[in-house]
Amino acid sequence: MVNLDNKIWPSSPLKEKDLDEEQLKQFLAIRADYEKCAFVTAGHLEVRALGAKEFTKAIEPDESGITALVKHPSGHIYGGTGGKAAHLFFYNPAPDADAAADIGVIPGAEKVVAMTVLPDGSIIGAANTFDKKSLLFIYKSCEVLLREKSFAGMGVREIFDLPAEDQLFFSTIDPCHSSGTIEVLASPIDGEICDLVSAPDGTSVYILSACKGEIINYTVSDAAVKKIGSLDPNGNFSSKLAIDSCGRLYGAGLYGRIFRYDPETGDFMAMNISASAIKGWELYNQVTAWCSDSSGEILYGGTNAGQIFRFDTVNEKIITLGKPCIQTRITGMSRSGKKIYAVIGESDDCAHLASYNDDSRELLDLGCLLARSERPWNGYRFEAMTTGRNGEIFLGEYDRISQLFIFYPSIEE
């Protein structure tokens, strides 16, 4: 960590006596710029509470830290939390809603670590428990439940009262709120889970265990388990997985060395490339976030040192893009338009938002996250990130009282 105790900072011009008119004008201009220079000024930031008061009670403090986010084909954003209890919630972007609602507690779970959407619209997720074990859960939205519903013997009124979708609806007569059901499944591994991603066909998921980085393939329909391999026998591995457009799975082991699993051939191998690392830090190097470009052939990764890199999966080449700010640990990455966005910061930092434009090769520190709507809120810690249907970026705050941040990027010229 950089020691700033003895750093000599620029002195205030007010310490000088007898400032002339030009000096005073310069000072006022400097002060006007400085008061907002630390914050994100590109684009627009808003927050939403985890529970619209018109529909449901907000998720309690110490239970609201957002740890996972996923975009649903419906346009909704689903999220999981961690703390004294783990909740599942959804954000409805509809103009007559624009709010988040708590779906409910995931029984026995302490922290949701990952979620992915299945082909039928259900959501499967992984969570860790208070006794250092894990569980899987499946959430079936109202849309999924309606498709499974038999209408035999039901009256007209009963049929019309069935909720057609997960929604929040501000009615002039009576606001309504509908959501689906959570089903808890047994864990296919002994111990905690680091990550979970969907296989290309959606019939199974890849699970990364916290013990020695073991990867398994879990078939959703029959709970069948197939072991793929281990990222490192001594537990020196990265806790995140990624998939390219061809369905190949990637992880990272010791020194950030990239591993690849090809489901077509069954090959699981360590590649001759490693994630970007700061000199002397290689032993501790970990990939802490992934995302892809629009083609899915280019993956972008972020490390625990705060570096961002570009991984060409076709040519098997990694290019270091840089370290956009002094903060370390990339805790989330997502793409919107031509840009990759990353949120950076350890638990004791004030997180920064950064962007990378692959056309201009410009890597920028956009600043700290401060929203003024729907309430004034400074964001310090974040653990999750995803892109919405319209290119907006959703960021999951991870604090005692947490909000769902929404970043609307600037229009690209």
Side-chain angles (χ1 to χ4, degrees), residues 67-68 70 78 80 82 86 88 106-141 144 148 180-254 257-271 286-287 290 299:
T67 53
V70 65
Y78 287 86
L88 189 67
I106 301 169
E110 179 183 17
K111 179 180 181 180
V112 178
V113 294
M115 301 188 299
T116 188
V117 181
L118 299 176
D120 68 350
S122 299
I123 293 172
I124 185 168
N128 292 328
T129 64
F130 292 94
D131 58 355
K132 304 302 179 183
K133 301 292 184 180
S134 58
L135 58 84
L136 298 182
F137 64 89
I138 286 184
Y139 172 72
K140 293 185 177 182
S141 64
V144 176
E148 297 177 349
T181 60
I182 303 169
E183 179 185 356
V184 175
L185 309 174
S187 175
I189 68 169
D190 183 21
E192 294 185 316
I193 292 174
C194 290
D195 201 10
L196 172 150
V197 295
S198 179
D201 60 4
T203 60
S204 65
V205 294
Y206 296 108
I207 294 172
L208 176 61
S209 78
C211 180
K212 299 182 180 180
E214 291 181 335
I215 300 174
I216 69 163
N217 183 267
Y218 174 85
T219 304
V220 179
S221 60
D222 59 4
V225 173
K226 175 186 176 183
K227 293 186 178 181
I228 303 299
S230 177
L231 294 176
D232 186 85
N234 295 312
N236 297 310
F237 64 94
S238 300
S239 60
K240 296 294 180 180
L241 299 173
I243 287 185
D244 68 12
S245 58
C246 296
R248 293 172 297 194
L249 179 72
Y250 297 90
L254 182 64
R257 190 176 185 182
I258 305 299
F259 277 73
R260 182 178 66 201
Y261 170 66
D262 189 334
E264 290 190 1
T265 63
D267 292 337
F268 178 70
M269 58 173 287
M271 305 177 70
Q286 292 183 356
V287 181
W290 291 99
L299 298 179

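Please read these numbers as outputs of a predicted model, since none were measured by experiment. In this chain, residues are counted from 1 in sequence order.
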Atom pair OG1/NZ of Thr219 and Lys226 - distance to nearest 0.5 Å: 9.0 Å
For a side-chain contact (heavy atoms from CB on, under 4.5 Å) check, start with the C-alpha distance between Glu110 and Thr129, then their side-chain angles and the critical distance, and finish with the verdict. CA-CA 5 Å; Glu110 179 183 17; Thr129 64; 5.7 Å; no
Which pair of heavy atoms, one from Arg248 and one from Pro263, lies closest together, and at what distance? CA-CD, 4.1 Å
Separation of Leu249 CG from Arg260 CZ (nearest 0.5 Å): 11.0 Å
Spatial distance of atom CZ (Phe259) from atom CE (Met271) [nearest 0.5 Å]: 11.0 Å
Dump the intermediate steps for side-chain contact (heavy atoms from CB on, under 4.5 Å) on Val113 and Thr67, then the final yes or no. CA-CA 6 Å; Val113 294; Thr67 53; over 6 Å; no
Taking every heavy atom of Gly121 against every heavy atom of Val144, the minimum-distance pair comes out as C-CG2, 3.8 Å
For Leu231 versus Ala252, what's the shortest heavy-atom pair and its separation? CD1-O, 3.7 Å
Tell me, do Leu88 and Phe137 make a side-chain contact under 4.5 Å, heavy atoms counted? yes
For a quick test of your reading: what N or O donor-acceptor pairs under 3.5 Å do the side chains of residues 180-207 make, sequence neighbours left out?
| unit_1 | atom_1 | unit_2 | atom_2 | d |
| --- | --- | --- | --- | --- |
| Ser187 | OG | Ser134 | OG | 2.7 |
| Ser187 | OG | Ile189 | N | 3.2 |
| Ser187 | OG | Ile189 | O | 3.1 |
| Asp190 | OD1 | Lys133 | NZ | 2.8 |
| Asp195 | OD2 | Leu241 | N | 2.9 |
| Asp201 | OD1 | Thr203 | N | 3.1 |
| Asp201 | OD1 | Thr203 | OG1 | 2.9 |
| Asp201 | OD2 | Thr203 | OG1 | 3.0 |
| Ser204 | OG | Asn217 | OD1 | 3.4 |
| Ser204 | OG | Asn217 | ND2 | 3.1 |

Kindly say whether Lys240 contributes a backbone atom to a donor-acceptor pair with the side chain of Ser238 at under 3.5 angstrom? no
Measure the CZ-CG distance between Phe237 and Asp232 for me, rounded to the nearest 0.5 Å. 8.0 Å
Give a yes or no on this: more than 12 heavy atoms of other residues, nucleotides or ligands lie within 6.0 Å of atom CD of Glu148. yes
Shortest non-hydrogen contact from Leu299 to Ala242? CD1-CB, 4.1 Å
Between Tyr78 and Ser141 the two heavy atoms that sit nearest each other are OH-CB, 4.0 Å
Is there a side-chain contact (heavy atoms from CB on, under 4.5 Å) between Ile243 and Tyr261? Walk through the geometry before answering. CA-CA 9 Å; Ile243 287 185; Tyr261 170 66; over 6 Å; no
Inter-residue atom distance Leu208.CG - Ser230.OG, 0.5 Å rounding: 9.0 Å
For the residue pair Pro107 and Leu135, what are the closest heavy atoms and their distance? O-CD2, 3.7 Å
For Arg257, side chain to side chain contact (heavy atoms under 4.5 Å, CB included) partners two or more places apart: Ala270, Asn272, Ser274
